[in-house]
Amino acid sequence: MERMQGERELDHLERPSPLTDKERVIIQDSWAKVYQNCDDVGVAILIRLFVNFPSSKQFFSQFKHIEEQEELERSTQLRKHARRVMNAINTLVENLDNSDKVASVLKLVGKAHALRHKVEPVYFKILSGVILEVLGEAFPEVVTADVAAAWTRLLSTVYYSITAIYEEVGWTKLSTSTG
């Protein structure tokens, strides 16, 4: 059974406090090591998302009917999307000191996923957890408790910003999800 916590959080999310300078450095340093393997890490993140939360595949017409993990791993379309996800994260991380650039990237991602792809915002929260899990397993020497805490704060900020963009575009009116 999938965990779908957070589905009705649009109305009462608290804005996370801004990252500290130390957290920004921790995130950027750890990301530099992760991003060296961006293709493999990106695929591992999406595979984990689809295996643990199979309903997340419904938003991907190119591979939503693929059941076998090995076949998913070989999918060119999945690899392309994994690269886009990793590049978006990279842009965020590289620009943590540029709030306008971060806001611009999140606005593009949020609008596309709300309006074009019709992805429920809770999947960003789920994806955040999957990212933390995969990074911790793939890079245990890098993802210490302090690093995990900094990434948790960053991903909380991303989720807060994305849900705000969903609200901006009227997501609650567009949602046709049956839960």
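None of these values were measured; they are calculated from a predicted model.
For the atom pair Leu108 CG and Ile165 CD1, the distance stands at 8.5 Å (nearest 0.5 Å). Atom OG of Ser55 and atom CD of Glu120 lie 9.5 Å apart (nearest 0.5 Å). Note that OH of Tyr159 and CD1 of Ile162 are 10.5 Å apart. Values are rounded to the nearest 0.5 Å. Of the inter-residue distances, the one linking Leu46 atom CG with Gln77 atom CD reads 12.5 Å to the nearest 0.5 angstrom. Interatomic distance, Trp31 CH2 to Leu135 CG, rounded to the nearest 0.5 Å: 6.5 Å.
Side-chain heavy atoms closer than 4.5 Å link hydrophobic residues (I, L, V, M, F, W, Y) into clusters, and following such links, possibly through other members, connects Val130 to Val51.
Residues forming a salt bridge (charged side-chain N to carboxylate O under 4.0 Å, His left out) with Glu137 (at least two apart in sequence, or on another chain): Arg48. Take Lys80 and apply the side chain to side chain donor-acceptor pair (under 3.5 Å) test, not counting sequence neighbours, and it matches no residue. Shown here are the side-chain contact (heavy atoms from CB on, under 4.5 Å) partners of Glu94, two or more places apart in sequence or in another chain: Asn90. For the salt bridge (charged side-chain N to carboxylate O under 4.0 Å, His left out) test, no residue two or more places apart in sequence or in another chain qualifies with Asp100. Partners of Glu70 under the side-chain contact (heavy atoms from CB on, under 4.5 Å) rule, at least two apart in sequence or in another chain, are Glu68, Arg74. Contacts of Phe59 classified as ring pair (Phe, Tyr, Trp, His ring centres under 6.0 Å), with partners at least two apart in sequence or in another chain: Tyr123. Evaluation of the side chain to side chain donor-acceptor pair (under 3.5 Å) rule for Glu71 yields no partner, not counting sequence neighbours. For Pro16, the side-chain contact (heavy atoms from CB on, under 4.5 Å) partners at least two apart in sequence or on another chain are Ser156, Thr157, Tyr160. The side-chain contact (heavy atoms from CB on, under 4.5 Å) check on Val147 picks up Ile26, Ser30, Val143, Thr144, Trp151, with sequence neighbours excluded.
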Would you give me the side-chain donor-acceptor pairs under 3.5 Å for residues 110-117, sequence neighbours excluded?
from   : atom 1 : to     : atom 2 : distance (Å)
His113 : ND1    : Val109 : O      : 2.8

Donor-acceptor pairs are to be reported for all side-chain atoms of residues 36-45 against protein atoms at under 3.5 Å, with residues two or more places apart or in another chain.
from  : atom 1 : to    : atom 2 : distance (Å)
Asp39 : OD1    : Arg83 : NE     : 2.6
Asp39 : OD1    : Arg83 : NH2    : 2.7
Asp39 : OD2    : Arg83 : NH2    : 2.8

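Sorted by first and then second residue, the pairs that involve residues 145-163 and meet salt bridge (charged side-chain N to carboxylate O under 4.0 Å, His left out), not counting sequence neighbours, are Glu23-Arg153.
Using a 4.0 Å cut-off between a side-chain N of Lys or Arg and a carboxylate O of Asp or Glu, Arg79 and Glu73 do not qualify as a salt bridge.
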